[in-house]
Amino acid sequence: MMTRRTTDSRNCFEIVSIEDLVPKDHLVRKVDKALDFDFIYPLVESMYSSQGRPSIDPVILFKMVFIQYLFGIRSMRQTIKEIEANMAYRWFLGLEISEKVPHFSTFGKNYIRRFKDTDVFYQIFFHILNEAHDKGFIDDEVIFIDSTHIKVNANKHSGERVLVEQEVKFYQTKLEEEINEVRVAAGKKPFDFSEEREPSLKNISTTDSESGYFVKGEKERQFAYSAHTACDKNGFILGMQVTPGNIHDSQILPSLVEGLKVLPFYHPYGIAADAGYKTPAIAKYLDEEGLRPILPYTRPRGKKGSFRKPDFVYDEYYDQYLCPADETLRAGTLNREGYRNYLSDKKKCANCPMLEKCTESQGHQKIIQRHLWQPYLDKAEELRYTKYNKMQYSKRKETVERIFADGKEKHGLRWTKLHGLIKNQHYVMLVFAMMNLKKIATWIW
């Protein structure tokens, strides 16, 4: 039998506390139990004056932001509307049922006047991370590193082509020194690397000039930031660095790893990363740091059906390559990028029955390039076949890739309304801090 409700209880009065209105297993209860937020007071005490009108409690300000990022609410304006109607959010902030919620612009003004040029966001992130470590949740035997792009709130067609100076790569100085050492040892004149590099044309957004034009495979081309992230085996985020979207992943790995060294519990054995990080410079850096490279298989480049670089055997003793026809490719000189060309004998190649599968060069000469630091990459390639590397690399999908999936689907990391590199660095740091806190709270509960 169908029941029709005949009473309207919307105007009824009840004596009730907010404590009774919040479900016992609500996420805000778990978070509140997992962390004492009073640690924020000493972090911001120096940013407030001892005189004047009393301010809004800074813990309430930060908790408002935590609610926004924890539940993936799209803006602070919408967050305030949610807090006004949501008893669980009011309980988390410590507000009474009829108490007025701070204006949505309050945190923005406090950010500009107090927090913008401070390290309070870093302090909050590392405090939560240390809580995870103190509870025994961190396992950094292998650190998983990757990046994801965050779409900028800007029209991708609103860019303009501008000449900008080329950025010096992290390994450039060391590579130039080794190149000249090799050339001098071979009796050749060293290169002069002091010449200024020619500026290059880049697509710059007229809306957010600090973002970068993101171009990667089949993905949509757009202005974006990249969040370079390091996490442990359990999916706790250990560190991050936000850059313009046009910075290659491999350029940021060393500075990201260096940033992790401030952690008191930093003692990794290996670094797991995808094919974008599989470069001679990264392999050399990890070797010098005593870190085991855990890198994937990369498909050889070249025309299908033709000989590719792995089909040619390198003879380390004589510093030459052997082709499938057992002919040698002799070493040439080292160029300014650290590559040495290995060239075949044109006369022998012209009469070789395998010429069509080997090269389409009009001069009938095969050329193979080898980097000065290729031995480090070869060492990483050998480790790829070990059971340990295969097992650890397979965990990327349940660690760093899951972090990006959760961040974008649940915590608003898919795109940003904020303009500027520093603001987005703070934004991503707080989102990741909340993701770590959410995991701590869930595990404790």
May I have the step-by-step check of ring pair (Phe, Tyr, Trp, His ring centres under 6.0 Å) for Phe37 and Phe66, ending in yes or no? CA-CA 11 Å; Phe37 290 93; Phe66 296 165; 5.8 Å; yes
Within the 4.5 Å heavy-atom criterion, are [X] and [Y] side-chain neighbours or not?
X      : Y      : value
Tyr225 : Val152 : yes
Tyr111 : His426 : yes
Leu437 : Tyr69  : no
Gln425 : Met429 : yes
Val428 : Leu413 : yes
Tyr297 : Tyr393 : no
Thr106 : His103 : yes
Ile138 : Leu238 : yes

Just checking, any donor-acceptor pair under 3.5 angstrom between side chains of [X] and [Y]?
X      : Y      : answer
Tyr321 : Arg370 : yes
His419 : Thr207 : no
Tyr314 : Asp378 : no
Arg114 : Ser55  : no
Glu258 : Tyr285 : yes
Gln123 : Asp119 : yes

Compute both the distance and the angle, then confirm whether Lys439 meets the cation-pi test with Phe236: under 6.0 Å from the six-membered ring centre, within 45 degrees of the axis. yes
Cationic tip of Arg221 within the cone over Tyr213's six-membered ring, i.e. under 6.0 Å and within 45° of the normal? no
Do other residues, nucleotides or ligands put more than 12 heavy atoms under 6.0 Å from the [atom1] atom of [X]?
X      : atom1 : result
Glu99  : CD    : yes
Arg308 : CZ    : yes
Glu360 : CD    : no
Lys357 : NZ    : no
Arg74  : CZ    : no
Lys261 : NZ    : yes
Lys63  : NZ    : yes
Lys174 : NZ    : no

Can you say whether the rings of Phe191 and Phe193 are parallel (under 30°), tilted (30 to 60°) or perpendicular (over 60°)? perpendicular
Students often mix this up, so state it plainly: with edges at 30° and 60°, are the rings of Phe71 and His26 parallel, tilted or perpendicular? tilted
Is it true that a side-chain atom of [X] and a backbone atom of [Y] form a donor plus acceptor pair closer than 3.5 Å?
X      : Y      : value
Ser209 : Ser205 : no
Lys278 : Leu377 : no
Thr279 : Ile282 : yes
Asn424 : Gly420 : yes
Gln78  : Ile73  : no
Arg336 : Asp192 : yes
Thr229 : Ala227 : yes

Test side chain to side chain contact (heavy atoms under 4.5 Å, CB included) on Tyr41 and Tyr48; report intermediate values, then the result. CA-CA 10 Å; Tyr41 290 122; Tyr48 287 83; over 6 Å; no
Test applied, side-chain hydrogen bond (donor to acceptor under 3.5 Å, both in side chains); reference residue, Tyr269; option that passes from Glu141, Gln392, Arg292: Arg292
To the nearest 0.5 Å, what is the distance between [atom1] on [X] and [atom2] on [Y]?
X      : Y      : atom1 : atom2 : answer
Tyr376 : His371 : OH    : NE2   : 11.5 Å
His267 : Ile143 : NE2   : CD1   : 9.5 Å
Leu295 : Asn389 : CG    : CG    : 8.0 Å
Lys135 : Asn130 : NZ    : CG    : 10.5 Å
Ile83  : Ile67  : CD1   : CD1   : 4.5 Å
Asp249 : Ser226 : CG    : OG    : 6.5 Å

Identify the residue among Arg396, Arg402, Lys397 that makes a salt bridge (charged side-chain N to carboxylate O under 4.0 Å, His left out) with Asp146. Arg396
Candidate pair Gln251 and Tyr171, rule side chain to side chain contact (heavy atoms under 4.5 Å, CB included), full reasoning: CA-CA 9 Å; Gln251 298 301 312; Tyr171 57 84; 4.1 Å; yes
Please step through side chain to side chain contact (heavy atoms under 4.5 Å, CB included) for the pair Phe126 and Leu263, ending with a clear verdict. CA-CA 8 Å; Phe126 287 120; Leu263 299 176; 3.7 Å; yes
Validation: residues 29-36 side-chain donor-acceptor distances under 3.5 Å, sequence neighbours left out:
{"from": "Arg29", "atom 1": "NE", "to": "Val22", "atom 2": "O", "distance (Å)": "3.4"}
{"from": "Arg29", "atom 1": "NE", "to": "Pro23", "atom 2": "O", "distance (Å)": "2.9"}
{"from": "Arg29", "atom 1": "NH1", "to": "Glu19", "atom 2": "OE2", "distance (Å)": "2.8"}
{"from": "Arg29", "atom 1": "NH2", "to": "Glu19", "atom 2": "O", "distance (Å)": "2.8"}
{"from": "Arg29", "atom 1": "NH2", "to": "Glu19", "atom 2": "OE2", "distance (Å)": "3.2"}
{"from": "Arg29", "atom 1": "NH2", "to": "Val22", "atom 2": "O", "distance (Å)": "3.1"}
{"from": "Asp36", "atom 1": "OD1", "to": "Asp38", "atom 2": "N", "distance (Å)": "3.1"}

Sorted by first residue and then second, give each ring pair (Phe, Tyr, Trp, His ring centres under 6.0 Å) pair with at least one member in residues 127-146; sequence neighbours left out. Phe39-His127, His133-Phe265, Phe137-Trp443
What side-chain donor-acceptor pairs closer than 3.5 Å can you find for residues 403-410, not counting sequence neighbours?
{"from": "Lys408", "atom 1": "NZ", "to": "Thr148", "atom 2": "OG1", "distance (Å)": "2.8"}
{"from": "Lys408", "atom 1": "NZ", "to": "His149", "atom 2": "O", "distance (Å)": "3.0"}
{"from": "Glu409", "atom 1": "OE2", "to": "Arg414", "atom 2": "NH2", "distance (Å)": "2.4"}

Qualifying residue for side-chain contact (heavy atoms from CB on, under 4.5 Å) with Leu61, from Val44, Ile56, Leu93, Ile40: Ile56
Pairing of Glu382 and Lys379 as salt bridge, 4.0 angstrom limit: no
For a side chain to side chain contact (heavy atoms under 4.5 Å, CB included) check, start with the C-alpha distance between Glu337 and Leu175, then their side-chain angles and the critical distance, and finish with the verdict. CA-CA 8 Å; Glu337 285 73 42; Leu175 178 61; 5.9 Å; no
